[in-house]
Amino acid sequence: MISADKREFAAVLPMRGRLAGLDVGTKTIGIAICDAMWTIASPAETIRRTKFSVDRALLRAIVAKQQVKGLVIGLPLSLDGSDSPRTQSVRAFARNLADLELPILLWDERWSTAAVTRTLLDADASRARRAELVDKMAAAYILQGAIDALASQSHEGEGGPVPWDDQRK
């Protein structure tokens, strides 16, 4: 299941389990992981893209090792919210991950890299250090936005499971 709807995504997730966030670029994939209670997203690693089969195998290994139950993939929409060629590329990437048999949430990531870069600049990180960190930190930014939205959805009574929802069996 691939969706941009957080309710639809939440409805197919198990009650507890880690989620992974992906910032899919043309040269790298930033990866973040959140805890099983969906409270905090942490940057995990950045993988250098090669052939898709190699990229998928690396992601499959991370998903298995971290016991990931769902993916949140940053969707690079245009500033006006419309699709771009890059958006279509990320949608195709998500479709090609269907064999991982995990629910996938496509999450608006228009400002993730800019926000992370600004934070790193404020921290006086060198250009080399920024290049090393930006992709996995952008993935964490994307994932944190999604888990915060999932939590607020539960608090607003919109339904859908969240790990701390005692009514879900």
For this session: Under the side chain to side chain contact (heavy atoms under 4.5 Å, CB included) rule, what do Leu19 and Val68 come out as? Steps first, then yes or no, please.
Result: CA-CA 5 Å; Leu19 302 177; Val68 170; 5.5 Å; no
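- We find the CG-CG distance between Leu97 and Leu59 to be 6.0 Å, quoted to the nearest 0.5 Å.
- Side-chain contact check for Asp23 versus Tyr141: every heavy-atom pair is 4.5 Å or farther apart.
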For this session: Applying side chain to side chain contact (heavy atoms under 4.5 Å, CB included), run through Asp83 and Arg91 and close with a yes or a no.
Result: CA-CA 10 Å; Asp83 282 4; Arg91 286 184 196 279; 3.2 Å; yes
For this session: Determine, stepwise, if the pair Glu8 / Met1 fulfils side chain to side chain contact (heavy atoms under 4.5 Å, CB included).
Result: CA-CA 9 Å; Glu8 191 175 305; Met1 187 275 320; 3.5 Å; yes
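- The one candidate from Ile2, Ile104, Ile31 that meets the side-chain contact (heavy atoms from CB on, under 4.5 Å) condition with Leu71 is Ile104.
- Side-chain contact check for Asp80 and Ser82: at least one donor-acceptor pair (N or O, by modelled atom type) lies under 3.5 Å.
- For the pair Arg18 (side chain) and Lys69 (backbone), a donor-acceptor distance under 3.5 Å is absent.
- Using a 4.5 Å heavy-atom threshold, the side chains of Trp38 and Asp148 count as separate.
- Within 6.0 Å of CD in Gln88 there are more than 12 heavy atoms belonging to other residues, nucleotides or ligands.
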Problem set entry | Criterion side chain to side chain contact (heavy atoms under 4.5 Å, CB included) on Ile40 and Asp35, from CA distance to verdict | CA-CA 6 Å; Ile40 186 127; Asp35 60 298; 3.7 Å; yes
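- A heavy-atom distance below 4.5 Å is not found between the side chains of Glu101 and Val63.
- Looking at Arg56 and Ser53, their side chains never bring a donor and an acceptor atom within 3.5 Å of each other.
- Taking the side chain as every heavy atom from C-beta outward, Thr87 and Leu75 approach each other to under 4.5 Å.
- Within a 6.0 Å radius of CZ in Arg48, no more than 12 heavy atoms belonging to other residues, nucleotides or ligands are found.
- At least one donor-acceptor pair closer than 3.5 Å links the side chain of Gln144 to the backbone N or O of Thr39.
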